[in-house]
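The figures that follow rest on heavy atoms only: side chains count, while hydrogens, waters and symmetry mates do not. Each residue takes its place number in the sequence, starting with 1. On a predicted model such as this, the values are computed, not experimentally measured, just so you know.
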Amino acid sequence: MTDDPETPEDSKLTRTKQKWAVEGKFITGRITRPEEERLPPGQHLVKEWPVLDLGLQPAIALPSWTLDIDGAVGERMHWRWADFLAQEQVEEISDIHCVTTWSRYDNRWQGVSTQHLLDVVRPKPGADFVVLHSYDGYTTNLTLEDFASEDALLAHSWEGKPLAAEHGGPVRLVLPKLYFWKSAKWLKRIEFVMRNKPGFWEVRGYHDRGDPWAEQRYSDD
């Protein structure tokens, strides 16, 4: 007889990271500014790309992949893979800053900019928040302002190759200005809402915004 498998809500990683939030682990209190320094406080550089998830890595075949963009928008979208690739494509080079203290410089991404997506769906007045939904059940929340950052994109490729499943492929958000838990993997749905709706880590003690330059690792509550 075997034990039931852990759910993402009760996984070892989830329990550990909730404990970090209670303890305020990794907080340095050091003041820094992105225009003067490249590495946020409390971070260290890595050359590899560590893999962190909720214990599930959904296998998503491209023919069955879809992305719904809905909620408080003028035009709802239901993109299949060909629809997604038919959108205007961009390339961005940016750094990754993970709340678990690692950073990786100069990542080259290809995909669809969030600004293009906003032009297509036209959020309604007052739709000031975005909720990202992933194929593994993960969610995270953003302000519309952060989602619309000029270097943010829905990435399908990294360093010229299709984004690996372990890193969120086929498609993930890349939002360099915030800790990387805000850049949801395995995107399934982008929901525009009138009121803020905290996601998986935000209801487990993590900061609502997650600015690495301000060390917004954990909630102030």
Side-chain angles (χ1 to χ4, degrees), residues 5-28 30 32 34 37-60 91-111 132 134-142 146 149 151-188 199-202 204-207 209-218:
E6 290 183 323
T7 64
E9 293 79 5
D10 191 42
S11 69
K12 181 178 180 181
L13 175 63
T14 302
R15 294 194 301 269
T16 298
K17 291 185 71 174
Q18 283 186 265
K19 184 172 180 285
W20 291 348
V22 172
E23 296 173 347
K25 193 175 179 63
F26 308 130
I27 294 290
T28 70
R30 186 167 66 86
T32 188
E37 299 181 44
R38 192 172 179 183
L39 190 66
Q43 298 294 109
H44 69 279
L45 284 179
V46 299
K47 292 185 177 181
E48 302 300 322
W49 184 356
V51 176
L52 290 175
D53 53 46
L54 300 181
L56 298 173
Q57 291 185 8
I60 308 161
E91 180 171 301
E92 296 283 351
I93 297 176
S94 60
D95 300 339
I96 297 171
H97 304 301
C98 181
V99 72
T100 59
T101 77
W102 60 264
S103 294
R104 190 181 190 280
Y105 288 166
D106 297 324
N107 299 273
R108 183 163 58 95
W109 313 98
Q110 295 84 33
L132 305 178
S134 301
Y135 273 87
D136 64 344
Y138 180 80
T139 60
T140 192
N141 58 312
L142 299 165
D146 282 332
S149 298
D151 57 355
L153 74 161
L154 311 183
H156 59 68
S157 295
W158 176 72
E159 302 299 338
K161 297 180 180 179
L163 189 62
E166 65 183 3
H167 292 307
V171 177
R172 71 172 299 153
L173 180 69
V174 173
L175 180 53
K177 70 192 295 181
L178 301 181
Y179 283 123
F180 218 43
W181 91 78
K182 289 292 188 175
S183 294
K185 298 180 178 181
W186 308 301
L187 274 180
K188 180 180 183 179
F200 184 90
W201 286 119
E202 293 79 18
R204 290 170 170 80
Y206 282 71
H207 199 278
R209 182 163 185 251
D211 180 354
W213 300 98
E215 269 202 298
Q216 292 177 339
R217 301 180 190 274
Y218 311 120

How many angstroms lie between atom CD of Gln43 and atom CD of Glu215, to the nearest 0.5 angstrom?
8.0 Å

Could you pull out the closest heavy-atom pair between Pro58 and Tyr135, with the gap in Å?
CG-CB, 4.0 Å

With rounding to the nearest 0.5 angstrom, report the NZ to CG distance, Lys161 to Leu163.
12.5 Å

Which of these passes ring pair (Phe, Tyr, Trp, His ring centres under 6.0 Å) with His167: Trp186, Phe180, Trp109, Trp49?
Trp49

Does the Ser134 side chain pair with the main chain of Lys185, one donor and one acceptor, at a distance under 3.5 Å?
yes

How far does CG of Leu39 sit from NE2 of His97, to the nearest 0.5 angstrom?
7.0 Å

At their closest point, which heavy atom of Leu142 faces which heavy atom of Leu178, and how far apart are they?
CD2-CD1, 3.8 Å

I'd like to know whether Trp181 forms a side chain to side chain contact (heavy atoms under 4.5 Å, CB included) with Arg217, so could you lay out the CA-CA distance, the side-chain angles of the two residues, the decisive distance to 0.1 Å, and finally the verdict.
CA-CA 10 Å; Trp181 91 78; Arg217 301 180 190 274; 5.6 Å; no

What I'd like to find out is whether the side chain of Trp201 reaches to under 4.5 Å of the side chain of Thr140, using heavy atoms alone.
no

Is there a side-chain contact between Leu187 and Leu132, using heavy atoms and a 4.5 Å cut-off?
yes

Does Asp95 reach the main-chain N or O of Asp106 with its side chain, forming a donor-acceptor pair under 3.5 Å?
yes

Write down the atom of Gln110, the atom of Leu153, and the distance for their closest heavy-atom approach.
C-CD1, 3.8 Å

Can you check whether Arg108's main-chain N or O pairs, donor with acceptor, with Glu159's side chain at less than 3.5 Å?
yes

Give, for atom CD of Gln216 and atom CG of Asp211, the distance between the pair rounded to the nearest 0.5 Å.
5.0 Å

Atom NZ of Lys188: over 12 foreign heavy atoms under 6.0 Å
no

